[in-house]
Structures are given as C-alpha cells and as structure tokens.
Amino acid sequence: MPRPLRLAGRETLLAGIERRFRAAGALPAVVVLHGLGGVGKTSAALEYAYRHQDGYRLVWQFAAEDEVVLSNGLSELALLLGVRGLVDGADPAAQVHAALAVHPGPWLLVLDNVTDPGAIRRVLPPAGQGHVLITSRYAHWPPPLGIEVDTLEPEVAAGFLRTRTGDDDPGSSAEVARELGLLPLALEQAAAYTLESGRTLREYLALLRRRRTELLSRGRPWEYDQPVSATWTLALDRLAGRNPEAIAMLRFFACLAPDDIPLRLLLPAASPTAEARILLGSLLDDDAAVDDAVRALRAYSLIRPVGDGSMSVHRLVRLVVLDQVAEQREWRAAAAEVLAAAVPEVPEHRKDWPVFARLLPHVAAALDPFEPAFRRVAEFLAWSGDYPTSRLLHERVLATRLERLGPDHPDTLWSMDDVAFVIGLAGDFPTAREQYADVLEGRKRVLGLTHEDTLTAWDRLAFWTGKSGDAAAARDLCAELLPLRERVSGPEHPETLQVVGNLAWQTGEAGDAEAARDRLAALIPVAVRVYGADRHDTLTIRANHAHWCGGAGDPVVARGLMAAVAVDRDRVSGPEHPETLLVRAALARWTGEAGDPGRACELYEELIPVRVRVLGRDHADVRKDLARLAHFRSLTGR
C-alpha cells in the first residue's frame, strides 16, 4: 500500500504505537488499532510502517477481512521468504511462522481490517523478533493490546480541509468538518470533490445540507452519522449525467472484493445474459467504454489503480454505492455472472492457475458457494497444492449445499467427498477414511450400490484406508469393487483404471510386491492411451510401478524409473508441488537401496526441509523421510 500523503493530527497516535511496542515484555508484540470505519486506522498503520521501515528487516501488509484471502496472502509471504514454492501444499501460516521465528532481524506485519479476533489466532506468529500491528473495527480487544483510534480534533479537521483544497475559509471549513463527523476518509473525499467540481467549501456545505435529510433516511454501514455518504452521492450524481458507464462500473466493483479487482479479466465479459447487459451496458463489449469509466471514477477518487491492471474501491464506498441501489439483488447477480464466466473451466490446467489466483478473493467475497465456479476455484487450490485454503472453500460449498439441498442430495455428498479428499491430501489419513465411510454409506443409501458416484467413494475409501495403515482391508475393498466398476463403466474407463491402480498398490502394501509390480506394468500403456502421457494419473501409475519394482527386489531399476518420473512430474506440476516431492522422496529411498546410501542422504537432506515446509513436520510422509535418512546415515557411518 502507498504511504498516506496527508496524515493530519495523528502524531500522538503514532507515538503511542511506538511506545506500546517498546514497552512489550516479550516478542512478538501485538498492537491493535480499533475504531470506526473510515477513521483512519489503516492510514495510521501504514504511516507507522513507513516511518519505522529502516528499523525492520521485513515489513508486510495483509488484507485480513476474509480468511480465504488472508490464507492466500500468507502463501505469498511464504513465497517471498523462500519457504514456499510457487505451487505448494503446506499450511502457509505454519510456513510463515517457521520463517519468522528464525528471521535475521526485526520484522513488522500489518493485518488490515480484522473482523474476528478468533479467526486470526492461527495467523499470529508465536515466535520471532517482530511486531504485529492490527487494524480492526472490532472494539473488544484486551486493554494491553488495543488502542482506540478516535476522530480528528475539530481544529485539525478544519485545517486539513483548508490545506487540501486551498480554500482559506475558516468558518466553512469548520462547518464542513463538523458535518462530516471529523472522519478522515470523509474529509479527504470532500476535498477531492471540491477540487474536481470547482466548488468552494461554502458551496459544498450548502449542497451537503440540502441533501442531508434524504441521506439520513437511508441504511447506514456504521453507527456514526453518515455525511460521507453525501460526498459520494454528490459525486455519483454528477457522474451519472456525464458517464453512466462509470456508475455501472462502480456498482459492479461494489459487488466484488474491494482490493485488486482484475479489471481486464472481467470486462469486457463473455456471453452475458440479457439481465447483465441491461445493467452493465457497453462495459460488456467495449474496451473504450471501460477505459472512459475508469478515468471518470479516478477523477473523483472513487477507485485507484494498484498495478497489473487491477483497481481497488474503498470498502465504505462500496457500502454507500450499494445502499443507493434499489436493485441490489440484480446487481449482485450480474456481478456474480461476470465473475463466474471469468473462472477457467479446468482447475488442473497449470497455465490457468494465475487467473484462478487473481480471481480467488472475489470468488470468496462475491460468488455464491452454490455456483459451480466457486467449487472450481476450490479444486484449483487443491490441484495447485494449497490444501488448507482449498478446504476452507470446499467447506463453504458443503455448508451451503447442506442448508439448501439437505444431507442426502447427490451434490451435498459430492461436497462431503471434496472435503474428505483435501483432508486426506493434507495428511490426516484417519479422518479422511472416516469421512469417506460416511460418504459411501450415504451414496449407497441415496444412489444405490452400482451408481458411479458410489463406486468412486468406494475406491477413495479404499485408498485412504490403505494410507491409514490397513493395507489388507484396502486391498479387499478394491478387489470387491473392481468387478462392479468394470461392469458399470467398462474395463478402460478412467475410473476403472484408478481402481486397478489402487488395487495394485494395496496388494503390494499387503505383502505381494511382485503382483503389484506386474499389474502396474500392464497398466502403464493403458493409462498413457486413456489419460495421456503427462496427466497426473499416468505419472502416479508410473511412480507406483517404479516403487514396486524396488519392493520386488530390484532397487536399481526402481531408481532409474523413479528418476524419469521425477523429471516429468517436476515439468508438469512444478518443483515443489506435493506430488513432485513425493516422487523425489521415493527416488532418494531407491537410490539408497540401490547401494548408494551417501547419495541418498544428500537427496533426503535437500528434500526434507522442503517437505517440512510443505507438509509440516508431523506429516506421516515427513516422519518416514526422517526415519529413512537416519537409516542411510547409519549405513554411511554418520
């Protein structure tokens, strides 16, 4: 965020922040700026950060209002700190905590617009030489943490207006400041309007007072008098006569998340319905109209560019704009339609992941979890390896479907499936197994024994049963399932091949490595033909085949095959994707088993810090890596 240009009357507040941090008995120290919306909490926090930036080795700001966006912001910081890959699957909060605990020098985190203290407890770093500065409208913080940010003193507010506008009218400036409730945001907006319109403060005051009664009769986003709404209403009315597309754009933006709106991904839009076209007009298909609307809104300080073609709208502007629209439901529906159309169709395509990432905050804020596009974004997060954030979104979809469809609807059962799957991917194998048992029973009851969805749940229950340590039970589940799946779907259906591969793996885990190896060897050419050579499922089958070649007594072959899979997995999924790391761990193991324990130690020592960062030290796979590293070290005499 840029440094505030004109921060008036906040020297005492800034000194108080510094004093609180200096007096903290232990680090990390937390200070919370809380108060009314528009009172300048964020501006004060940013000014503090800029004034003291030379005293910190790292300064980072998070948008903390939405837990999904906050989780994504943690992933970005982890990437910056070098503890996370571009595609990653660890809990980003844990990654950031680990990095900050050993960071060489003091650091400052700014968590902006926290709405629920409970929701950020997992985000607060437990260790490290740093400070955390929080802004929030929530008032009930413990006294040692909280500093209430009040409105400006009347003299300061009036002086700000005179300096900002160049209108040296002490009486009018004092009256305007009072009418605007001494709120910094309202004062700045009033000054911007007078400069743009050419009105004096006295003229502005008269116009404001004429509209006050009407404005006070509307709903208000805060308890305080809402003269700031008058400022925006005046600007909006003026724009409506000059550029109605600008008003349409602002209403559209007001239905999305306030920050980093990827304008060029959304407008012009593809295949709008008649209802959306009525509201958004030429913005849907005319680049020039979009540009004109942006220029008009920027002239009134109603939006601001934030780089990379994105725009931001202050959250209070959004509330005022929507409050003035009678057709709020229609506008939200139109915005959701345009947003949903911008979400790519195939979450597993890596080339589309940057688009998914840019749309994520807006999908989380504005799209109904009932919409298919919402679920696609959750799936993208799972495919890209961000399992914690994926789980948050999938749980929203599940809650919505439970409420609207009930627990036995097929779509609700699919959401239960989605949540269970990402739980398993994140390493909680027993919970995934338990939840898939529930999904399977629900699908048997609702859809019948041979429905394709039932068979999918059956296969996944078998998989997580095996991951939980009961290979014999998993093998038996697969053996019972396979003839049903072949009869329902055919012998070379992708879902059938998954069961064949799962059965082969569980057979090996249950003690018959040769049978596992041979079944997987026969499956590879079929998988290449059905899935494609570079698909996730094909790479998994190849890796499993390599593993059981080693398990059947040929570690040299296993090492060679796994090395080839590692190259392809890195290319397809990225170097730090959880699946890539799984293959690298297998390569390290079979390198050691093939007679080179020293090289195996080197591979594990390179891999384990990354696996810890991605999966967490308590993940079962990480524990296996550590045990095998210890084993190979013992073979080298270390």
Side-chain angles (χ1 to χ4, degrees), residues 89 347-348 369-372 374-383 386-489 493-503 505-506 509 536-537 540 578 620:
E348 66 185 274
F370 206 67
E371 290 288 334
F374 193 102
R375 181 171 178 261
R376 292 204 301 275
V377 173
E379 290 179 313
F380 140 71
L381 290 163
W383 276 105
D386 189 351
Y387 303 140
T389 312
S390 177
R391 179 177 177 177
L392 289 171
L393 289 190
H394 275 307
E395 286 174 343
R396 290 191 188 184
V397 177
L398 175 57
T400 303
R401 289 179 172 179
L402 280 169
E403 178 184 354
R404 300 184 191 178
L405 302 176
D408 287 340
H409 192 281
D411 289 348
T412 305
L413 293 170
W414 261 117
S415 285
M416 293 172 62
D417 189 310
D418 291 334
V419 171
F421 199 70
V422 292
I423 286 173
L425 290 174
D428 189 351
F429 306 145
T431 300
R433 177 185 185 179
E434 292 172 5
Q435 295 202 10
Y436 267 113
D438 292 339
V439 174
L440 178 58
E441 289 307 310
R443 283 178 170 162
K444 285 180 178 179
R445 183 178 65 256
V446 173
L447 302 174
L449 180 65
T450 58
H451 192 279
E452 289 207 2
D453 292 354
T454 304
L455 302 181
T456 297
W458 194 332
D459 183 45
R460 292 180 175 181
L461 173 61
F463 178 80
W464 295 115
T465 297
K467 293 290 283 185
S468 298
D470 194 347
R475 177 199 59 200
D476 294 345
L477 283 169
C478 290
E480 187 180 0
L481 168 63
L482 182 57
L484 285 175
R485 175 55 88 177
E486 288 178 331
R487 186 170 73 248
V488 170
S489 303
H493 189 278
E495 296 286 348
T496 305
L497 301 188
Q498 286 190 13
V499 178
V500 174
N502 196 6
L503 174 58
W505 179 269
Q506 305 304 341
E509 287 289 299
H536 164 81
D537 301 277
T540 298

- If we only count heavy atoms from C-beta on, is the Phe370 to Val397 side-chain gap below 4.5 Å? no
- Under the side-chain hydrogen bond (donor to acceptor under 3.5 Å, both in side chains) criterion, do Asp386 and Thr389 qualify, and how do the steps go? CA-CA 6 Å; Asp386 189 351; Thr389 312; 2.9 Å; yes
- Task: Taking side-chain contact (heavy atoms from CB on, under 4.5 Å) as the test, write out the residues that go with Arg487, two or more places apart.
- Result: Thr450, Leu484
- Item | Test log, rule side-chain hydrogen bond (donor to acceptor under 3.5 Å, both in side chains), inputs Gln498 and Asn502 | CA-CA 6 Å; Gln498 286 190 13; Asn502 196 6; over 6 Å; no
What donor-acceptor contacts under 3.5 angstrom involve side-chain atoms of residues 417-431, with partners at least two apart or in another chain?
| from | atom 1 | to | atom 2 | distance (Å) |
| --- | --- | --- | --- | --- |
| Asp417 | OD1 | Tyr436 | OH | 2.6 |
| Asp417 | OD1 | Arg460 | NH1 | 2.5 |
| Asp417 | OD2 | Arg443 | NH1 | 3.0 |
| Asp418 | OD1 | Arg375 | NH2 | 3.2 |
| Asp418 | OD2 | Arg375 | NE | 2.6 |
| Asp418 | OD2 | Arg375 | NH2 | 3.2 |
| Asp428 | OD1 | Thr431 | N | 3.3 |
| Asp428 | OD1 | Thr431 | OG1 | 3.0 |
| Asp428 | OD2 | Thr431 | OG1 | 2.8 |

- Test salt bridge (charged side-chain N to carboxylate O under 4.0 Å, His left out) applied to Glu441 - qualifying residues, sequence neighbours left out: Lys444
- Taking the side chain as C-beta and beyond, is there a heavy-atom pair between Leu447 and Pro410 under 4.5 Å? yes
- Query: Between Asp459 and Arg485, does a side-chain contact (heavy atoms from CB on, under 4.5 Å) hold up when you go through it step by step?
  - Reply: CA-CA 10 Å; Asp459 183 45; Arg485 175 55 88 177; over 6 Å; no
- Note on the structure: Here the salt bridge (Lys or Arg N to Asp or Glu O under 4.0 Å) pairs for residues 462-479, sequence neighbours left out, are Arg433-Asp470
- Tightest non-hydrogen contact, residues Phe380 and Pro347, listed as N-CB, 3.5 Å
- Query: What pairs with Arg391 under salt bridge (charged side-chain N to carboxylate O under 4.0 Å, His left out), at least two apart in sequence or on another chain?
  - Reply: Glu395
- Task: Give, for atom CG of Leu477 and atom CH2 of Trp464, the distance between the pair rounded to the nearest 0.5 Å.
- Result: 15.0 Å
- Task: Decide yes or no for Ser489 and Glu452: does some side-chain heavy atom of the first lie under 4.5 Å from some side-chain heavy atom of the second?
- Result: yes
- Sequence neighbours left out, what passes side-chain hydrogen bond (donor to acceptor under 3.5 Å, both in side chains) with Thr412? Give chain and number order. none
- Task: Over all heavy atoms of both residues, which pair between Leu413 and Pro407 is shortest? Give the atoms and the distance, please.
- Result: CD2-O, 3.8 Å
- Decide yes or no for Cys478 and Trp458: does some side-chain heavy atom of the first lie under 4.5 Å from some side-chain heavy atom of the second? no
